[in-house]
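So the structure is just underneath, and the comments pick up after that.
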There are 2 protein chains.
Amino acid sequence: MSESKSTTLTKRAAYELRQRIIHGGLPGGTRLYEVALSEELQISRTPVREAMSRLAEEGLLERAPGGGFQVRAFSLRDVTDAIELRGVLEGTAARMAAEQGVDPVQMAGVWAILDRLDRCFAGDRVDFDAYSELNAQFHCALAELCQSAVILRELERVKSLPFASPSAFVLGQADAAGSHRSLVMAQAQHRALAQAIARREGARAEAIAREHARIARGNLEETFVEGAQPGGSMPGLALITR
Amino acid sequence: MSESKSTTLTKRAAYELRQRIIHGGLPGGTRLYEVALSEELQISRTPVREAMSRLAEEGLLERAPGGGFQVRAFSLRDVTDAIELRGVLEGTAARMAAEQGVDPVQMAGVWAILDRLDRCFAGDRVDFDAYSELNAQFHCALAELCQSAVILRELERVKSLPFASPSAFVLGQADAAGSHRSLVMAQAQHRALAQAIARREGARAEAIAREHARIARGNLEETFVEGAQPGGSMPGLALITR
DNA sequence: GGGGGGCGGGATGTATACATTGGATGTATA
DNA sequence: TATACATCCAATGTATACATCCCGCCCCCC
């Protein structure tokens, strides 16, 4: 091992496996064999094992009956449920934040992200990359308003499923005009949500968060029905089988 | 190793660690050292490591910054949040079940459990052990009505925290009369919840499930305020610190 | 011909030696 | 005295050999 070792081998193995899974190299249900992987990655069994264990924590793998691991398979139903669940959790976070009141500094940060999101719309053109990044930041910052480690932890878990990330909202829009309309609507919901929290309207905040996720779910369902299956607009769609 | 090895050493190590954590032998925040544990348990580092990894998946341990594990510490806030979260998830499951309709056979099973729960009340005396067991079964069967692997998975995760189990409802009642009243009320909510699902009243089902957890949360808060800290009526209370 | 038992191979489980890392400690120098 | 650097130690990371278990196959006996 005279090579570059920027990180631990465990992390390298985990990264490599994660990439393959997300990009479809290892379809759902595939059984992973320690020896085969360690030979292929030129890494001994121990870190490979450790990496698989961590990916199981992330939810990409599951422990196979009788030992070992296999790639977790997701049905379309699983995917829509995950997105709905994300909405439920974000809604709960929003409601809790509204009920208990928020730190002004944190809230200012949320508004700042919203302003920067606005700037992604130039005329009828959208800077998708910037939007996605800021959108993720917004959802993250919003959830943190609830000050609950338990809620945040579970939310992180659900969002770690690649297809349940906030950017699912973008999907399913065939033309640019449709995308633009979708994102304008999403941004309006973002502002309404922040406003509801600031005004301490818990029930309203929760309802908006849920509706927001419901639309993302609908978009993803459309995308899938139209057959844009693996590797489409979003990495991680390759995970969806059955 | 000529001894009885009914299971793998990993499972033995995990069991032993879990017991110590739940019963307070290893307080929250305690760092776990592989060598020390392996010497103490007379098991080599590898299975100990594996066991810690699994307990991290369960949520009892967390990976320490810079490697290794430590016992997860729960504040009272974490605990109440976890119970509220359980209510949110059960509420979601109930709403989904109501909206999509339920399998009659499963629903019959739920009613059967409810009848058996009724029989735990004999006059003004309650068979607590039987009640706890059946109560857990009820909550489990109810959640399964939603037919969603994703929701069930997350719900299992939250319930695996010892203090977030359904039996938290029993806590915080000083006298037998108080307990009896509590359980009668809980059972009434159980029936109302099942009825709402059967009648496909999703919103109502969700609301009842949440209220049910809210009461459990209140009971646990009382218990804690009254200072019945570690090892009290429920194992797992020892986890709560700060 | 069918069933049972033994045998072999492949997979994970386990033990342990060695490598590496990161922090604590102590010392020398400015 | 403070800072920078060398050193050491303890803890995890890694490699690898060996043990064990499970399962399928085949052969032999009934």
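Because only heavy atoms are used, hydrogens play no part in the values below, and waters and symmetry mates are left out as well, while side chains stay in. By convention in this document, chain letters (A, B, ...) are assigned in the order of the sequence lines, proteins followed by strands, and residues within each chain are numbered from 1.
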Glu50(A) atom CD is separated from dT20(C) atom P, nearest whole Å, by 19 Å
Rounded to the nearest Å, what distance is computed from the CG atom of residue Leu9(A) to the P atom of nucleotide dT20(C)?
-> 11 Å
Do any side-chain nitrogens or oxygens of Arg45(A) fall under 4.0 Å of OP1 or OP2 in dA17(D)?
-> no
Using whole Å, report how far CZ of Arg49(A) lies from P of dT12(C).
-> 8 Å
With sequence neighbours excluded, tell me which residues meet side-chain contact (heavy atoms from CB on, under 4.5 Å) with Arg214(A).
-> Glu211(A)
Check the pair Thr80(A) / Ile83(A) against side-chain contact (heavy atoms from CB on, under 4.5 Å), numbers first and verdict last.
-> CA-CA 5 Å; Thr80(A) 56; Ile83(A) 295 182; 5.8 Å; no
Is there a side-chain contact between Leu17(A) and Leu26(A) (heavy atoms, below 4.5 Å)?
-> yes
May I ask you to verify if any side-chain N or O of Thr46(A) is less than 4.0 angstrom from the OP1 or OP2 atom of dT14(D)?
-> no
Is Leu142(A) close to Ile197(A) at the side-chain level, that is, under 4.5 Å between some pair of heavy atoms?
-> yes
Using a strict cut-off of less than 4.0 Å between a Lys/Arg side-chain nitrogen and an Asp/Glu carboxylate oxygen, indicate whether Glu16(A) and Arg20(A) qualify as a salt bridge.
-> yes
Atom pair distance, as rounded to whole Å: CZ in Arg54(B) and C1' in dT12(C) = 11 Å
Short side-chain donor-acceptor distance under 3.5 Å, Asn135(B) and Ser132(B) = no
Taking for Tyr33(B) and for Thr10(A) the nucleotide of DNA chain D with the nearest heavy atom, the one nearer the 5' end belongs to Tyr33(B)
Rounded to whole Å, CG of Leu41(A) lies from P of dT14(D) at a distance of 13 Å
Nucleotide pairing, DNA chain C (Watson-Crick or G-U, distances under 3.5 Å), in dot-bracket with [ ] and | | ||||||||||||||||||||||||||||||
Taking only the side-chain heavy atoms of Glu34(B) (C-beta and beyond), determine which of dA15(D), dG13(D), dG13(C) contains the nearest atom.
-> dG13(D)
Whole angstrom is fine here: how far is it from CD in Gln42(B) over to C1' in dA15(C)?
-> 13 Å
What's the CG-P distance between Leu32(A) and dG10(C), to the nearest Å?
-> 19 Å
Taken to the nearest whole Å, CG/Leu61(A) to P/dT12(C) is 13 Å
Lys/Arg N to Asp/Glu carboxylate O, Arg210(A) vs Glu206(A), below 4.0 Å | yes
Quick note, Ser44(B) side chain, CB onward, closest among dT16(C), dG13(C), dT14(D) is dT16(C)
Please determine, for the side chain of Thr8(A), which listed nucleotide (dA15(C), dT12(C), dT14(D)) has the closest atom?
-> dT14(D)
